[in-house]
Participant: 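One structure coming up, written as structure tokens, with questions to follow.
Side chains included, hydrogens not; waters and symmetry mates left out as well; all remaining heavy atoms used. Letters A, B, ... mirror the listed sequences (proteins, then strands); counts begin at 1.
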Amino acid sequence: MSSFDDSDAFEGASLAARAMAARPMPYLDGLNPEQRKAVETLEGPVLMLAGAGTGKTKALTSRIVHLLNTGTARPNEILAVTFTNKAAREMKERVGRMLGEAVEGMPWLGTFHSICVKLLRRHAELAGLKSNFTILDTDDQLRLLKQLVSAANIDDKRWPARALASVIDNWKNRAWTPDNVPASEAGAYDGKAPALYKLYQTRLKELNAVDFGDLLLHVVTIFQTHDDVLQQYQRWFRYILVDEYQDTNVAQYLWLRLLAGGHKNICCVGDDDQSIYGWRGAEVGNILRFEKDFPGAHVVRLEQNYRSTPHILAAASGVIAGNKGRLGKELWTDVEDGEKVRLIGHWDGEEEARWIGEEVEAMQRGTRGLCAFGLNQMAILVRASHQMRAFEDRFLTIGLPYRVIGGPRFYERMEIRDAMAYFRLVTSPSDDLAFERIVNTPKRGLGDKAQQKIQMVARQNGVPLIDGARILLDEKGLTGKGASELAKLLEGLTRWGRMTGDKQITHMELAEIILDESGYTEMWQNDKTPEAPGRLENLKELIKALEQFENLQGFLEHVSLIMDNDSQEAGEKVSIMTLHAAKGLEFPAVFLPGWEDGLFPSQRSMDESGLKGVEEERRLAYVGITRAQEVCTISFAGNRRVFGQWQSQMPSRFIDELPEAHVDVLTPPGLYGGGYGAAGMESTIETRAAEANVYNSPGWKRLQSRAGQRPVAQPAESRHSVIDAEAVSSHTVGERVFHQKFGYGAIIGIEGDKLEIAFEKAGTKKVVARFVSSSDDIPF
DNA sequence: GGGCGCGGGCTTTTT
DNA sequence: GCCCGCGCCC
């Protein structure tokens with residue numbers, strides 16, 4: 001058992017707490033009664049149900065401050081867990097600010113993953129690891145799995161490694177070790193998944209590596225099998241706080257329950273209505289049954305919203321009311337009036353992007369009758385990242401500054417991962433995955449053949465690849481350019497390895513030497529693609545990031561978890577991000593484009609999870625609307641490119657759920673009276689549709705067959721559809737109509753504003769009435 | 001061994 | 001429409 005006394009993490013923090021005991025508590029004055037209750041109920045289990053914009057973070061940080069300020073706990077006795085590094089950082093900053101200068105940081109405030117890394121490094125041997133284990137990212141993980149899959153003679157066409165990765169990930173999220181996978185679940189991946197999972201775990205141990213899921217899983221396993229260890233931590237962490245509790249998965253839930261098992265001083269903060277991570281294993285059930293898990297729990301509801309206008313809140317409430325099994329909260333505000341939620345339909349996705357671009361500019365100038373918003377105050381929140389493209393394209397053409405939040409993270413970029421592989425190999429030569437990654441990057445003439453030879457020799461001798469390569473060279477198993485290049489690489493690695501101990505050279509200098517001498521920097525300097533300069537720039541940034549660490553080793557140990565991408569460049573820019581990335585943020589003006597069935601709610605979510613999936617999508621809609629402070633604009637398009645093919649789209653079912661009284665339906669530009677014809681656009685659209693052989697594409701067929709299966713959500717009379725109200729169709733069955741993409745057809749059915757049309761060329765389709773015109777209205 | 005061109009599959013969402 | 005993997009050819 002390791003001793004805690006040698007740990008920096010547990011030291012030094014207590015002075016501050018003692019010095020602060022019994023100070024005045026001004027922070028309590030700014031809280032409303034519910035917040036105050038959540039802050040002051042320090043003992044026993046507390047569930048803080050905090051709706052969107054109700055001052056959750058304020059309450060949470062005040063609670064930490066209160067624990068410290070009253071002398072109830074010392075900073076190192078508080079375990080405070082978040083999901084993102086950003087949230088952890090923010091909380092740290094706020095606590096620091098509230099306490100003033102005296103804080104010595106909180107060693108156990110961090111993400112689930114970062115805290116688990118700390119714990120696992122202390123007890124690595126209990127999981128069969130060394131304490132300097134590496135953390136694989138998804139890329140490494142996938143490469144490893146691919147090797148296992150092909151070694152097992154499995155056709156990776158039918159059973160892609162990706163699928164296996166997600167199966168294993170799910171199992172880990174449920175805290176199932178290879179031996180604990182229930183028989184009922186073992187059928188995945190052609191029944192081979194359990195064996196491959198076991199193999200994978202063995203291989204990880206050999207590599208002294210863990211993946212993301214392991215961080216939780218190993219620690220939970222250690223807690224479950226080593227009571228002495230668990231008890232020590234139960235004593236250490238006297239007060240536990242959990243942010244975003246609705247997002248915890250089973251493994252995290254077990255972890256928390258184990259740690260809180262003794263004293264039960266656990267305060268979980270969350271909002272069941274904002275649970276949007278079911279797809280990565282989050283269990284809304286965790287928050288729904290908190291009171292059962294912790295009998296006698298104090299439940300506090302934060303319902304006063306300080307963010308949005310009443311119309312926006314009402315719209316959000318109206319949508320979320322469609323979900324069953326909620327804990328039930330109703331947001332309210334004492335703000336007076338404000339703008340209704342605006343709704344608008346467009347011809348296609350490009351028109352939608354064009355309109356939003358104009359709208360952003362209008363808002364910026366303040367010409368929309370409202371006060372002007374800066375670009376930083378506006379955001380476009382999309383369901384799926386591929387939607388971003390249309391906006392980026394449009395904004396580039398009109399020169400509207402924008403920023404995309406949550407693109408590929410810094411540490412996931414190719415050049416960063418390559419560079420890190422070099423560093424990994426220098427600090428731990430037996431890192432086979434790192435070796436594989438860079439052995440032929442830059443090109444050294446060491447292709448598949450050569451690499452296979454290295455693999456074989458290494459396996460025969462039971463040594464890491466780097467030693468296998470050495471043996472291969474000694475045995476003259478390689479000739480020509482490849483041999484000399486490999487010798488050069490090995491020689492370099494040895495040399496750089498020796499330099500890690502050299503006090504004359506800083507680790508930043510060493511990193512630069514490695515990248516230069518290996519030819520890696522040169523590779524990008526010679527690269528003529530437009531990305532190359534950016535990549536070199538990133539490498540420079542990487543070196544700069546090293547500064548904060550003592551040495552390369554220390555850097556590598558920490559970096560795998562700091563996957564942040566928060567290089568928020570300054571300047572006025574409109575933000576584009578996914579709804580998931582928007583959680584926890586707020587903007588005066590929010591655009592929510594792409595509200596179309598299949599896109600939002602996402603078809604995949606519905607196919608995979610049925611009603612549960614739709615409910616999660618609905619929560620996503622709720623998250624989206626509640627990001628808006630003053631103006632919320634929802635939009636949809638009648639046609640959209642899907643997989644590069646034009647598709648007819650139906651407005652989202654969530655649009656029907658918006659309460660009419662709080663919605664303002666805007667008239668789209670040029671939808672009636674042949675405005676498009678006048679603008680001379682129909683030819684391009686028609687040509688595109690004609691060129692693309694739409695109706696034979698698999699995507700189209702898939703969508704067609706799904707459209708038939710999809711159950712009607714609710715009886716028509718029970719809904720008050722905004723669209724229906726506005727556009728009671730003036731069409732009749734049998735009428736001949738024209739559609740810009742599908743051509744001429746006859747109406748064979750009318751259902752509210754939706755027409756079923758037998759097109760002459762395109763077959764039978766459902767189309768929203770406003771997207772067709774009577775055939776005699778055609779302006780040409 | 002590497003570069004290029006073709007075809008298939010695919011897009012949620014991320015620590 | 002884009003990315004990845006494969007197979008062909010240099």
Participant: Can you check the A/D211 CG to B/dT14 P distance for me, whole Å?
Facilitator: 19 Å
Participant: Provide, to the nearest angstrom, the distance between the CD1 atom belonging to A/I405 and the C1' atom belonging to B/dT14.
Facilitator: 16 Å
Participant: Is A/E244 salt-bridged to A/K56, going by a charged N under 4.0 Å from an acidic O?
Facilitator: yes
Participant: Please classify the nucleic acid contact of A/T578 as base, sugar-phosphate, or nothing, using heavy-atom distances under 4.0 Å.
Facilitator: sugar-phosphate
Participant: Which of these, A/Q647, A/E596, A/H346, A/Q645, sits in a side-chain hydrogen bond (donor to acceptor under 3.5 Å, both in side chains) with A/R640?
Facilitator: A/E596
Participant: Look at atom CG of A/N526 and say whether more than 12 heavy atoms of other residues, nucleotides or ligands are closer to it than 6.0 Å.
Facilitator: yes
Participant: Among C/dC2, C/dG1, B/dT15, which nucleotide has an atom closest to any side-chain atom of A/H113?
Facilitator: B/dT15
Participant: Is the number of heavy atoms from other residues, nucleotides or ligands within 6.0 Å of CD (A/E392) greater than 12?
Facilitator: yes
Participant: Contact class for A/K146 vs. all strands (heavy atom < 4.0 Å): base, sugar-phosphate, or nothing?
Facilitator: sugar-phosphate
Participant: DNA chain B: A/L620 or A/D448, which has the more 5' nearest nucleotide?
Facilitator: A/D448
Participant: Can you identify which nucleotide, out of C/dC2, B/dG1, B/dT15, has its nearest atom closest to the A/K449 side chain?
Facilitator: B/dG1
Participant: Let's see if you can work this out: which of B/dT15, B/dG2, C/dG1 has an atom nearest to the side-chain heavy atoms of A/K443?
Facilitator: B/dG2
Participant: Under 4.0 Å between a side-chain N or O of A/R444 and OP1 or OP2 of B/dG1?
Facilitator: no
Participant: Establish, with yes or no, whether the OP1 or OP2 oxygen of B/dG2 is under 4.0 angstrom from a side-chain nitrogen or oxygen of A/N440.
Facilitator: yes
Participant: If you measure from the ring centre of A/Y277 to the centre of the six-membered ring in the base of B/dT14, is it under 5.5 Å, with the planes under 30° apart?
Facilitator: no
Participant: Ring stacking, A/W279 with base of B/dT13, under 5.5 Å and under 30°?
Facilitator: yes
Participant: Without decimals, in angstroms, what is the distance between A/Q387 CD and B/dT13 P?
Facilitator: 9 Å
Participant: Both A/A450 and A/E617 contact DNA chain B. Taking the nearest nucleotide for each, which residue is further toward the 5' end?
Facilitator: A/A450
Participant: Give a yes/no verdict on base stacking between B/dT15 and A/F212: centres under 5.5 Å, planes within less than 30° of parallel.
Facilitator: yes
Participant: Mind checking if A/E608 touches a base, just sugar-phosphate, or nothing, with heavy atoms under 4.0 Å?
Facilitator: base
Participant: Indicate whether any N or O donor in one side chain lies under 3.5 Å from an N or O acceptor in the other, for A/Q147 and A/E436.
Facilitator: yes
Participant: A/F643 has a side chain; which of B/dG3, C/dG1, B/dT13 sits nearest to it?
Facilitator: C/dG1
Participant: Tell me: CE of A/M577 to P of B/dT14, nearest whole Å?
Facilitator: 12 Å
Participant: Do A/L241 and A/V269 have side chains that approach each other closer than 4.5 Å (heavy atoms only, starting at C-beta)?
Facilitator: no
Participant: Rounding to a whole Å, what distance do you find between A/Q451:CD and B/dG1:C1'?
Facilitator: 11 Å
Participant: Could you check how far NZ of A/K172 sits from P of B/dT15, rounded to whole Å?
Facilitator: 18 Å
Participant: Within this structure, what is the CD1-to-C1' distance between A/I168 and B/dT15, rounded to whole angstrom?
Facilitator: 18 Å
Participant: What is the distance from CZ of A/R162 to P of B/dT14, rounded to the nearest Å?
Facilitator: 13 Å
